[in-house]
Protein chains: 2
Amino acid sequence: MIEPDWSHYRAFVAVLREGSLSGAARALGLAQPTLGRQIAELERNLGAALFIRSPRGLVPTDAARDIAPHAEAMAAAAGAMMRLASGGTDGASGVVRVTASDIIGAEVLPALLGAFRRAHPAATIELALSNRVEDLLRGDADIAVRMVRPSQQALVTRHIGAVSLGLYAHRRYLEGAPPLRSLATLARDHALIGFDRGTPFLREMLTRLPLTRDDFALRADSDLAQLAAIRAGFGIGFIQHGIARRDPELIPIFPGEIGFTLDMWLALHEDLRASRRLRLMMDHLAAGLAAYVAQSQP
Amino acid sequence: MIEPDWSHYRAFVAVLREGSLSGAARALGLAQPTLGRQIAELERNLGAALFIRSPRGLVPTDAARDIAPHAEAMAAAAGAMMRLASGGTDGASGVVRVTASDIIGAEVLPALLGAFRRAHPAATIELALSNRVEDLLRGDADIAVRMVRPSQQALVTRHIGAVSLGLYAHRRYLEGAPPLRSLATLARDHALIGFDRGTPFLREMLTRLPLTRDDFALRADSDLAQLAAIRAGFGIGFIQHGIARRDPELIPIFPGEIGFTLDMWLALHEDLRASRRLRLMMDHLAAGLAAYVAQSQP
DNA sequence: TCGTAGATATACATATTTGCATGATCGAGC
DNA sequence: GCTCGATCATGCAAATATGTATATCTACGA
């Protein structure tokens, strides 16, 4: 076996993402025959067929699926290096890539990132919404906002505080629903919104509450989907207080009687600690999120 | 900024490792001017100087040091893909890369790996000795033998058992040393061998023993160095029972009175779970290590 | 049934990259 | 002070990769 040309892995990732040589060629700004030849040579060098050619595109083989995560890791690393280089000898300029859970990224971060951008117009910000913690180690992102303590070594972490969640429902839902009697009868009388499979962490949380998975009328692992369902008047579910309180139509249910808290953490790869613009972003997020945490108490 | 040709990152890693264009060229099987031009273009594309040229070689700049870990990650991923591809559609053939702490790798694994090789002659085995846990996530290795529970998600783990350690000394040392009186006077009368900075985990272990760092006459973080020192008759130190009992010249010191245990774990990246040869190796190691653990009880 | 859109494969001229040979520079050691 | 050995830089011919244009195939829809 011959070590393949690394640029062919770039072609491989593009074909994998786009599903066709032509699409990958467009994405990379190359010609379609070029990609065809690069993939062919990659297959020759690795000694394995990676795609089944068809007139509809290229279908990855098992071998391709095996190596795909590593190729994606290469792409992530390459992206990280470009971000690093874009900052030059480090002013506030350059790209900062932030990853967060979808709900934080959609409801809390936009305002904070906007303020950062106004303070540092030379900065470019990328926001990636995902719950995968390994993103930082792989270089998929520079800074992560997480609701679990990042356990990886090689990560610099910063504890922001505890965010509390409580039950809320939209005013529209409550108008047409039976009266709220007691916590014990809640699941019987009302449409509850909760987690489907959930993360191990959240599942543990649920065991401390007087609710089980079967009590939920709508189960979704996406926080955003749950929030949207509550806002749409589907029923009753958990929302972070800081988010719910912005909307006067969202009514707290049994406040003080039921709820739980999540710790919020910021994490940074230790290799990036020296970067000035990342430290600026880190400080800005820490301050903004701390303010958010303060608004999120029961 | 232009996205650099990924193959130039390969050149970058080689230059970083070898310290010169000529050396990198030899390592990669390319010509020295080729490497020079590739590095030059990488610098142009990233918009940053990566090396200071000198007649003695190339010295990396800060920018180079910033991106170096990511480039190394690319190299690790590329290596992982080659290993995966070498296994083909998965018989028992191909490369298996195992990482373990140095002492396990030197004292316990060789016999196990030899047996595996005899059972599966088509397999090639690589053994990397290191205590870094992130190796698996980066793709530096396929299977890890660790003495701490791997915490990363995306890792499939398997608990082997608890290995016990006790104090041992070589017969030669004891012949010329003062008599063994009591545990309390051990540090005063004898040359003790222990950890220097140690891992956080081992440091915590030490707090449970009636010994402190200052009691050690020889401090080394390398388990192998400690073992060698004990075998050479330097003094008294901790050895895993299973290793010490193979050598009748190694005499247990206060057996049953002092010691501690370490849990042994096998870990595999979840992306590799499907590979047949890795499962074979995993099962083989699990069985062999379990036998070793059985011999390592107090 | 036929035409269209989108896909992969092939042919050939053109760019680009590579390797070899050579020159230039610096430090170590006698 | 000089040579030796190592390095990086440069010029030029050959090998290689790329792009354009074209042919071919298949699914989809009028």
Side-chain angles (χ1 to χ4, degrees), chain A residues 1-65 68 71 74-75 78, chain B residues 1-65 68 71 74-75 78:
Chain A
M1 175 174 356
I2 301 155
E3 159 124 36
D5 186 328
W6 283 16
S7 42
H8 295 172
Y9 287 123
R10 181 163 173 254
F12 173 71
V13 171
V15 171
L16 216 52
R17 289 181 183 165
E18 302 291 330
S20 76
L21 293 178
S22 311
R26 281 190 295 272
L28 297 182
L30 297 175
Q32 166 262 324
T34 301
L35 258 73
R37 284 183 289 247
Q38 290 191 347
I39 295 296
E41 195 182 333
L42 182 61
E43 290 178 314
R44 259 192 305 120
N45 289 339
L46 288 177
L50 295 174
F51 295 99
I52 306 167
R53 272 78 167 170
S54 87
R56 265 207 315 258
L58 271 69
V59 180
T61 64
D62 287 345
R65 263 186 279 269
M74 285 187 84
Chain B
M1 177 177 349
I2 300 156
E3 159 126 36
D5 186 328
W6 284 16
S7 41
H8 296 171
Y9 288 122
R10 180 162 173 255
F12 173 71
V13 171
V15 172
L16 217 50
R17 288 181 182 165
E18 302 291 330
S20 75
L21 293 179
S22 312
R26 281 190 296 272
L28 296 182
L30 297 175
Q32 166 262 325
T34 302
L35 267 296
R37 284 182 289 243
Q38 290 192 347
I39 296 295
E41 195 182 334
L42 182 61
E43 289 178 315
R44 259 191 309 118
N45 289 339
L46 287 177
L50 296 173
F51 295 99
I52 304 167
R53 272 80 167 170
S54 87
R56 264 205 316 255
L58 271 70
V59 180
T61 64
D62 288 345
R65 264 186 276 268
M74 285 187 84

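Chain A is the first sequence line, chain B the second, and so forth, proteins listed ahead of strands; every chain is numbered from 1.
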Heavy atoms only, 4.0 Å cut-off, all strands: where does A:Glu41 land among base, sugar-phosphate and nothing?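 Sugar-phosphate contact only - A:Glu41 comes under 4.0 Å of backbone atoms but never of a base.
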Does a salt bridge link B:Arg53 with B:Glu43, judged by any charged N lying under 4.0 Å from a carboxylate O?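 Result for this pair is yes, salt bridge flagged.
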Closest approach to the side chain of [X], judged atom by atom: which nucleotide of [options] is it?
X	options	answer
B:Gln38	C:dG19, C:dT18, C:dT8	C:dT18
B:Ser20	D:dT7, C:dA21, C:dT10	D:dT7
A:Ser22	D:dT10, C:dT8, D:dT7	C:dT8
A:Arg53	D:dC8, D:dT20, C:dT8	C:dT8

To the nearest 0.5 Å, what is the distance between CG (B:Leu35) and CZ (B:Phe12)?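 B:Leu35 atom CG to B:Phe12 atom CZ measures 12.5 Å (nearest 0.5 Å).
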Drop me the distance from B:Glu3's CD to B:Asn45's CG, to the nearest 0.5 angstrom.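 One gets 9.0 Å once the value is rounded to the nearest 0.5 Å.
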Return yes if the base of D:dA9 and the side-chain atoms of B:Gln32 contain a donor-acceptor N/O pair under 3.5 Å, otherwise no.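 Result: at least one qualifying N/O pair found.
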Are the side chains of B:Leu58 and B:Leu21 in contact, using a 4.5 Å heavy-atom criterion?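 Yes, side chains in contact.
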Heavy atoms, side chains only, cut-off 4.5 Å: are A:Phe51 and A:Thr61 in contact?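 Result no, sub-4.5 Å side-chain heavy-atom pair not found.
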Spacing between [X] atom [atom1] and [N] atom [atom2], to the nearest angstrom:
X	N	atom1	atom2	result
B:Glu18	D:dA6	CD	P	15 Å
B:Leu35	C:dT18	CG	P	9 Å
A:Leu28	D:dG19	CG	P	10 Å
A:Asn45	D:dA17	CG	C1'	14 Å
B:His8	C:dT16	NE2	P	14 Å
B:Leu21	C:dT18	CG	C1'	15 Å
B:Ile39	D:dA9	CD1	P	11 Å
B:Phe51	D:dT7	CZ	P	15 Å

Could you pick out which residue, A:Pro33 or B:Arg37, lies toward the 5' side of DNA chain D when each is mapped onto its nearest nucleotide?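 Looking at the nearest nucleotide for each, B:Arg37 comes out on the 5' side.
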